[in-house]
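Worksheet: one structure, shown below.
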Amino acid sequence: MHLQQVVDPNMPTIFVVTPTYTRLTQRADITRFVNTIKHVEKMHWIVIEDSEHPTEAVRELMAESGIPGTQLYTKTPENSEKKDGMERFQYHRGVDQRNLALNKIAAMGDKNAIVYFADDDNTYSLEVFDEMRKTERVSVWPVAFVGGQKYERPIVVDGKVKKWHVSWHPERTYPTDMASFAFHSSLLHTGRVPQFSHEWRQGFLESGFLEQLLDSPEDLEPRGDNCTKILVWHTRTMDVNIKREAKLRAEPFIKV
Ligand SMILES: O=C(O)[C@H]1O[C@H](OP(=O)(O)OP(=O)(O)OC[C@H]2O[C@@H](n3ccc(=O)[nH]c3=O)[C@H](O)[C@@H]2O)[C@H](O)[C@@H](O)[C@@H]1O
Ligand SMILES: [Mn+2]
């Protein structure tokens with residue numbers, strides 16, 4: 001008989017929510033992302049394209065991954081979109097995409113699930129998925145390479161988050177990155193579905209969202225040895241130099 005790993009039927013499903021958009025490095029980023037999350041059991045991958053229509057590229061990447069998932073799309077509205085000359089920090093990314101996913105997950109009605117916002121370009125340990133699986137309400141852990149620091153992390157005293165190792169806008173109620181927390185799906189079923197807003201200040205998305213889930217940072221459940229282990233890195237893919245393309249064009253039948 002073939003030996004199979006027995007999956008605990010009570011184990012919560014992890015909904016991994018990934019906004020994405022068409023760009024030169026998208027297949028590279030999503031390939032690396034898939035190579036990590038394909039090792040995570042009992043998960044459902046929600047990919048939301050920032051686009052007016054679903055793309056063949058994402059459909060294909062999702063199908064080839066073999067990961068159970070849902071392909072959604074919603075274009076960031078004109079007025080809140082990146083305009084020419086705007087710097088990266090001047091506009092929100094992923095707001096409408098994550099909101100759509102939240103509504104979808106709420107409608108799916110799974111009462112035994114965890115929700116995690118995982119951007120397509122970060123680096124994730126497998127351990128972070130084991131840690132978030134234990135979430136009762138909202139779990140939290142450190143993230144490296146963010147906020148102009150080597151890492152940002154909650155400081156835990158007697159099992160509670162009391163302050164933060166964060167220097168960028170430390171006055172935020174929850175001064176922490178999108179990749180630093182996960183929450184239980186029960187929080188989607190207590191009334192209005194929590195959402196992100198374009199109206200919030202740049203860099204205040206996480207704090208604004210968490211304020212809808214919890215009363216105080218002390219309600220957070222610290223993971224990763226009381227928030228002392230780096231399990232996620234806020235990496236970014238470099239802009240690829242294609243300045244010689246005009247001299248020798250890519251062949252249209254080669255998928256990059
Ligand atoms: O506050 C913000 O605006 C963002 O800042 C940081 O993220 P950062 O690495 O700077 O941003 P990206 O990785 O470029 O974008 C975050 C996610 O949104 C997607 N995205 C980006 C750009 C875009 O136009 N549309 C879109 O859907 C990306 O594929 C990615 O999954 C945070 O890590 C994000 O979670 C947060 O949404
Ligand atoms: Mn990123």
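Start at 1 and go down the list; that is how both ligands and their atoms are numbered.
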**Message:** Contact between ligand 1 and Thr20 is defined here as a heavy atom of the residue under 4.0 Å from a ligand atom; is it met?
**Reply:** yes
**Message:** Looking at ligand 1, would Glu49 count as a contact under a 4.0 Å heavy-atom criterion?
**Reply:** no
**Request:** Determine whether the side chain, the backbone, both or neither of Asp121 has a heavy atom under 4.0 Å from any heavy atom of ligand 1.
**Result:** side chain
**Complete:** Going by the 4.0 angstrom heavy-atom rule, the piece of Arg98 near ligand 1 is side chain
**Within 45° cone of Phe204 ring axis and under 6.0 Å: Arg201 NZ or CZ** = yes
**Prompt:** Is Arg23 positioned over the aromatic face of Tyr21, cation under 6.0 angstrom from the ring centre and no more than 45 degrees off axis?
**Reply:** yes
Nearest-option assignment for [atom], heavy atoms, candidates [options]:
atom	options	result
atom 6 (C) of ligand 1	His92, Met178, His234	His234
atom 5 (O) of ligand 1	Gln97, Arg236, Gln202, Arg93	Arg93
atom 17 (C) of ligand 1	Ile30, Thr22, Asp119, Val17	Asp119

**Prompt:** From Asp121, does some N, O or S atom reach closer than 2.8 Å to the Mn ion (ligand 2)?
**Reply:** yes
**Item:** Residue Asp177 vicinity, atoms of ligand 1 by number, heavy atom under 4.0 Å
**Value:** 32 (C), 33 (O)
**Asked** Ring centres of Phe33 and Tyr124 under 6.0 Å apart?
**Response** yes
**Message:** Suppose we call two aromatic rings close when their centres sit under 6.0 Å apart. Are Phe183 and Phe15 close by that rule?
**Reply:** no
